[in-house]
Amino acid sequence: MAVLKVKFSKTRRGKLAQVLWILNWISVVTGLIIFSLGLFLKIEIKKRSELMLSGNIQSVPNMLIAVGTIACIINFFGGKICYDCSDANKFTRWKLFMLPYIICTFFFTFCVFAGAIMCYTMRNELESALYRGLKDALKYYKDTDIPGRCFLKSTIDLLQIEFQCCGNNGFRDWFEIQWISIRYLDMSSKETIDRFKSNVDGKYLLDGVPFSCCNPSSPRPCIQYQITNNSAHYNYDYLSEELNIWVRGCREALLQYYDNLMQSIGLTVLLVWLFELSVLTGVRYLQTAMENVLVLGDPESESDGWLLENSCMETAKHNIKIIKNLGKMNQISTLSGKSDPNMDIPIADYGPDNVPPSSIPEDS
């Protein structure tokens with residue numbers, strides 16, 4: 001018994017073909033949208049690649065770009081097919097091509113769905129890449145005169161100003177690294193030398209942060225040095241007073257930014273997937289209805305269209321049977337190759353030129 005069988009008249013078949021032709025062209029546009037979203041995401045990640053440890057982060061945008069490109073191609077041909085299927089005579093040229101096209105498109109929709117799911121599962125990889133990338137970037141903040149690292153100071157400063165953040169996990173990260181280059185320190189000063197000797201690593205550490213951590217909305221002038229020293233500032237309590245520097249870490253800020261971006265892209269791709277499934281369902285109805293018209297032999301007659309010719313269970317059993325038969329055929333061909341009587345026959349290694357002398361009768 002056919003699944004979701006619908007009866008189509010000639011007029012309904014024509015209207016269905018026209019609607020599907022329009023929907024396929026809309027699907028071409030949605031493919032371009034997915035392609036554009038993938039390209040946009042790739043650029044956004046590339047813009048801050050120096051703050052991320054390289055990994056599989058680009059797999060999601062690459063997947064979206066590939067899916068968008070394939071969607072444009074598939075739906076372009078789908079529009080051409082649906083346009084010709086409005087006429088029974090033109091349908092004959094696509095008859096053998098229709099079922100493979102539907103099967104390929106059906107499996108392709110799973111790629112679209114996979115792209116949507118990947119958008120929601122990217123957070124862990126992104127968090128790990130940002131944590132290690134930002135940690136290294138902060139470490140090299142002071143290296144403004146070393147090739148390959150000289151750009152990191154401006155990159156970190158612009159990041160902290162744009163995203164209103166400070167450090168990797170928070171502003172205290174700056175307390176644990178030397179972020180001022182030696183070329184800007186007075187090495188003849190006893191205070192500077194004492195600070196170098198004050199820690200095991202021999203670094204110039206201080207409880208201060210770069211200027212880019214300052215909150216310009218604060219009414220008080222920015223306190224970026226001796227942040228934890230209450231006596232160094234008038235009317236200041238480090239523990240009770242709200243600091244006038246950004247408290248949130250840049251990793252959290254970037255994660256929130258990319259999370260919002262990925263959720264929006266994932267939702268868009270998911271809606272495109274549902275739209276593609278609806279178009280594919282319509283194409284399947286059109287294909288079965290037109291094939292039944294050819295069986296009836298009357299283009300003017302009504303015909304049935306369905307999603308599956310048999311029930312879901314029967315279709316599954318039929319497909320499993322086909323797979324088993326293919327396996328048996330492969331097994332039989334392998335066994336028959338091993339027992340072929342024409343194989344492994346020893347070939348005589350003698351002839352008129354290599355007969356042993358003892359076997360040649362002598363003349364008496």
Side-chain angles (χ1 to χ4, degrees), residues 1-9 12-38 63-88 90-119 265-295 303-316 318-319 322:
M1 181 175 148
V3 178
L4 298 177
K5 184 167 66 174
V6 179
K7 193 171 287 294
F8 291 91
S9 63
R12 290 185 68 184
R13 288 194 300 268
K15 287 182 178 179
L16 178 61
Q18 292 174 359
V19 170
L20 288 174
W21 176 73
I22 295 172
L23 292 180
N24 270 282
W25 279 107
I26 294 175
S27 295
V28 172
V29 176
T30 59
L32 289 173
I33 291 173
I34 294 178
F35 177 86
S36 301
L37 290 174
M63 176 73 168
L64 294 177
I65 290 171
V67 165
T69 304
I70 297 171
C72 292
I73 296 171
I74 286 178
N75 289 298
F76 174 80
F77 283 106
K80 173 62 177 174
I81 292 170
C82 293
Y83 182 80
D84 288 345
C85 285
S86 58
D87 187 356
K90 292 183 179 179
F91 173 75
T92 53
R93 75 177 72 167
W94 297 107
K95 181 182 176 182
L96 297 176
F97 181 75
M98 281 289 284
L99 187 58
Y101 168 79
I102 290 173
I103 293 172
C104 291
T105 307
F106 177 74
F107 284 107
F108 168 71
T109 56
F110 281 99
C111 295
V112 180
F113 181 73
I117 297 301
M118 287 173 69
C119 291
I265 293 175
L267 179 60
T268 303
V269 176
L270 199 60
L271 292 175
V272 170
W273 172 68
L274 293 173
F275 181 74
E276 290 283 351
L277 276 182
S278 63
V279 174
L280 181 61
T281 302
V283 173
R284 173 61 175 166
Y285 272 116
L286 181 63
Q287 178 236 344
T288 51
M290 294 303 295
E291 284 187 352
N292 288 328
V293 167
L294 296 180
V295 171
S303 62
D304 293 330
W306 52 68
L307 291 181
L308 296 174
E309 189 173 359
N310 301 310
S311 65
C312 296
M313 189 63 69
E314 291 175 354
T315 303
H318 178 69
N319 291 332
I322 291 174

So L64 and C119, do their side chains get closer than 4.5 Å, heavy atoms only?
yes
Could you check if a side-chain atom of L23 sits within less than 4.5 angstrom of a side-chain atom of I26, using non-hydrogen atoms only?
yes
On a heavy-atom basis, which atom in I74 and which in Y101 lie closest, and how many Å separate them?
O-OH, 3.3 Å
Let me confirm one number: the OG-CG distance from S27 to L32, rounded to the nearest 0.5 Å.
11.0 Å
When rounded to the nearest 0.5 angstrom, what distance separates CZ in F113 from CE in M118?
13.0 Å
What heavy-atom pair brings V269 and V112 nearest, and what distance separates the two atoms?
CG1-O, 3.4 Å
Considering all heavy atoms of both residues, which atom of C72 and which atom of G31 are nearest to each other, and what is their separation?
SG-C, 3.7 Å
Distance-minimising heavy-atom pair for C111 and M63
O-CE, 3.4 Å
Nearest non-hydrogen partners of V283 and C82, listed with the distance:
CG2-SG, 4.0 Å
For K15, enumerate each residue passing the salt bridge (charged side-chain N to carboxylate O under 4.0 Å, His left out) test, keeping only those at least two apart in sequence or located in another chain.
none
Using the ring of each side chain (for Trp, its six-membered ring), is F110 parallel, tilted or perpendicular to F107, with breaks at 30° and 60°?
tilted
How long is the span from the NZ atom in K7 to the CZ atom in R13, to the nearest 0.5 Å?
10.5 Å
Quick one: pull up CD1 in I65 and CD1 in I34 and give me the separation to the nearest 0.5 Å.
12.0 Å
Check: R284 and T288 side chains under 4.5 Å, non-hydrogen atoms
yes
Can you list, pair by pair, the side-chain donor-acceptor contacts under 3.5 Å of residues 270-279, counting residues two or more places apart and other chains?
| residue | atom | partner | partner atom | Å |
| --- | --- | --- | --- | --- |
| W273 | NE1 | T109 | O | 3.1 |
| E276 | OE2 | N75 | ND2 | 3.1 |
| S278 | OG | F275 | O | 2.6 |

Which pair of heavy atoms, one from V67 and one from F108, lies closest together, and at what distance?
O-CZ, 3.4 Å
